[in-house]
**Student:** 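Sharing a structure, written as structure tokens. Questions coming.
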Amino acid sequence: MALKVYNTISGKKEDFTPLSEGKVKLYVCGVTVYDHCHIGHARSAIVFDTIYRYLLSKNYEVTYVKNFTDIDDKIIKKSQTENIPWQEVGEKYIRSFYDDMDALGVLRPDHEPRATQHIGDMIALVDTLLKKGHAYNIDGDVYFSVESFKNYGQLSKRSLEEMVAGARVEVDERKRNPLDFALWKASKEGEPSWDTPFGAGRPGWHIECSVMSTLYLGNPFDIHGGGKDLVFPHHENEKAQTEAATGERFVNYWIHNGFVNIDREKMSKSIGNTLSIKDFLKEYHPEVLRLFFLSNHYRSPVDYNEQSIEDVNRALHRLYYTRQRAMEAQKGGKVEPRTYPEADEIAKKFVDAMDDDFNTALALSYVFELSKEINRMADEKDESTAGLIAYAEGIYELLAGTLGLFTDSIEALESQERIRHLTRTGLDGTFVEQAINDRVEARKNKDFKKADEIRNMLAEKGIMLLDTPKGTQWRVKHSVS
RNA sequence: GGCGGCAUAGCCAAGUGGUAAGGCGACGGUCUGCAAAACCGUUAUUCUCCGGUUCAAAUCCGGAUGCCGCCUCCA
């Protein structure tokens with residue numbers, strides 16, 4: 001089966017055919033760097049990271065570009081309220097962005113251009129649009145004329161009439177059409193400014209993506225992605241201004257990911273229910289978030305809530321335990337992998353699922369199926385299965401790796417969880433160790449009453465004890481269940 | 001007001017014509033001083049409701065109800 005991709009512009013799943021065989025040009029709208037990223041940004045990043053990884057796994061030669069919008073109204077505002085130069089606002093949040101993305105295991109794109117590095121190209125594009133009559137200059141503000149572009153509304157499937165009728169925008173009387181949008185803004189006193197033939201000022205919101213995408217990928221290019229909210233107006237406008245300037249099609253496949261709600265409510269700054277990536281990572285392993293998003297179809301809205309995250313956290317551990325068991329089953333000598341057809345069959349289904357518009361939820365179900373297969377074989381405790389397990393594990397790692405999972409060991413997963421728990425609760429690690437030692441001693445003396453008391457005492461502090469052959473260990477006992 | 005989406009077991013969630021993936025939970029078992037963890041097994045004759053098309057529908061059509069998103073900065 002060939003790769004099928006849901007294209008926003010057609011509203012259908014389409015066979016994916018890149019412009020140049022074996023090569024994919026991918027552009028994803030990055031962030032405007034005026035604040036720390038929240039889990040909505042994380043979803044977009046993880047969705048497209050997964051698409052990127054999958055394309056690579058299919059041996060496509062992918063050129064992946066993700067931009068930083070580092071000049072914008074919100075950045076200027078932040079610089080004013082915090083009284084720091086606007087450039088520093090950008091630098092600060094770009095660093096923050098990288099910290100988050102690296103933690104989440106998001107692969108770096110090939111190019112990560114910043115808007116301010118391409119001001120000259122933006123000026124040239126605005127100039128072209130002016131010369132072609134698609135834009136007009138009013139006192140240094142340059143607007144794109146939506147009526148001059150016949151396909152305006154094609155992406156978001158709206159007509160100009162509908163939009164004007166339903167518009168709740170403040171009408172700027174100077175504009176020819178209320179939907180005309182700024183390509184270039186005249187700068188006010190104290191704002192960043194660049195000199196241009198049409199007046200000193202700064203770029204409008206959409207122009208940077210038109211410039212950077214086509215500059216690094218050519219025009220047209222294959223895939224343009226981003227969050228669903230960007231369909232209108234951002235991508236509609238990007239498309240309009242690019243196609244008006246070039247006279248050619250801009251993008252072949254538009255891919256948009258759904259939103260993140262929190263407790264069934266839209267996550268937004270005004271409601272005050274945003275959850276930053278950094279705050280999330282204080283509580284959970286980054287792969288919990290990844291697995292959570294991949295358990296849902298990328299186009300559907302997803303509801304973030306404590307219960308779901310706990311469920312996913314357990315599921316993630318399950319996958320890791322299986323991996324651990326598989327490794328242990330191969331200990332004690334070199335194991336020659338022996339072809340295990342069931343594993344090949346599962347791998348094939350995994351690919352089919354991913355080929356069907358990146359159905360990660362279905363693909364994951366096959367990873368769990370393979371986990372079960374491996375455990376069944378490991379349960380047999382039969383030396384002869386070691387080769388089969390080795391083979392199955394190879395595939396298991398491959399599939400999970402394609403989804404960006406298994407970047408840690410189970411030991412790291414659990415020790416990080418313990419550290420997070422101690423930090424969160426303010427508990428002293430040595431106190432816990434001491435209590436565990438006391439209990440070990442009590443158990444040796446068959447003083448099970450005391451042993452159970454200690455166990456209960458720790459349980460109240462969210463600590464769960466495990467008496468394993470290797471000794472007593474502890475894990476975090478999650479309250480929600 | 002205009003446009004669009006969604007409704008599947010206790011919870012989360014795939015599935016767009018061929019007879020309901022997967023995860024969590026629960027229950028049973030193995031293990032254990034007892035537990036826990038881990039693993040295995042079981043867990044929806046049915047897909048919001050009412051009509052219709054079809055040999056066949058969760059899937060298509062019509063209607064009803066409920067929830068949500070976009071149209072304004074937003075991943």
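Throughout, a chain's letter reflects where its sequence line sits, starting with A, and its residues are numbered from 1.
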**Student:** May I ask you to verify whether the side chain of Asn359(A) and the base of G22(B) hold a donor-acceptor pair under 3.5 Å?
**Tutor:**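 Flag unset: no donor-acceptor pair detected.
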**Student:** Would His235(A) and His256(A) count as having a side-chain donor-acceptor pair, cut-off 3.5 Å?
**Tutor:** yes
**Student:** Report the base-pairing partner of G10(B) (Watson-Crick or G-U wobble, both distances below 3.5 angstrom), or none.
**Tutor:**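 When the pairing criteria are applied, C24(B) turns out to be the nucleotide that pairs with G10(B).
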**Student:** Looking at Lys444(A), I'd like to know whether one of its side-chain N or O atoms comes within less than 4.0 Å of OP1 or OP2 on G33(B).
**Tutor:** no
**Student:** Considering Watson-Crick and G-U wobble pairs with both distances under 3.5 Å, what does U16(B) pair with?
**Tutor:**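 Matched U16(B) with nothing under the 3.5 Å cut-off.
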**Student:** Donor-acceptor pair, distance only, cut-off 3.5 Å: does the side chain of Asn359(A) make one with the backbone of Asp356(A)?
**Tutor:**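 Not confirmed, Asn359(A) side chain does not pair with Asp356(A) backbone.
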**Student:** Categorize Val260(A) for me: base, sugar-phosphate, or nothing, with a 4.0 angstrom heavy-atom threshold over every strand shown.
**Tutor:** base
**Student:** Between C40(B) and Arg325(A), is there an OP1 or OP2 to side-chain N/O distance shorter than 4.0 Å?
**Tutor:**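 Checking C40(B) against Arg325(A), no side-chain N or O comes under 4.0 Å of OP1 or OP2.
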**Student:** With distance as the sole criterion, do the side chain of Arg443(A) and the base of G33(B) form a donor-acceptor contact below 3.5 Å?
**Tutor:** yes
**Student:** Would you kindly compare Glu369(A) and Asp467(A) by the position of their nearest RNA chain B nucleotide and give the one closer to the 5′ end?
**Tutor:**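 That would be Glu369(A).
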**Student:** Take atom C1' in C61(B) and the same atom in U54(B), then report the distance between them in whole Å.
**Tutor:**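 The same atom, C1', in both gives a distance of 12 Å.
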**Student:** Is any side-chain N or O of Arg299(A) under 3.5 Å from a base N or O of C6(B), one able to act as donor and the other as acceptor?
**Tutor:**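 By the distance-only test, no, there is no pair.
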**Student:** In terms of ring plane angle, is the pair Phe280(A) and Tyr304(A) parallel, tilted or perpendicular, where the classes change at 30° and 60°?
**Tutor:**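 Answer is perpendicular, since the angle exceeds 60°.
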**Student:** If the cut-off is 4.0 Å, is Arg158(A) near the phosphate of G2(B), judged by side-chain N/O to OP1 or OP2?
**Tutor:** no
**Student:** Distance criterion of 3.5 Å, no angle test: do you see the side chain of Arg455(A) paired donor-to-acceptor with the base of A35(B)?
**Tutor:**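 Side chain to base: pair present.
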**Student:** Any chance the side chains of Ser145(A) and Lys175(A) put a donor and an acceptor closer than 3.5 Å?
**Tutor:** no
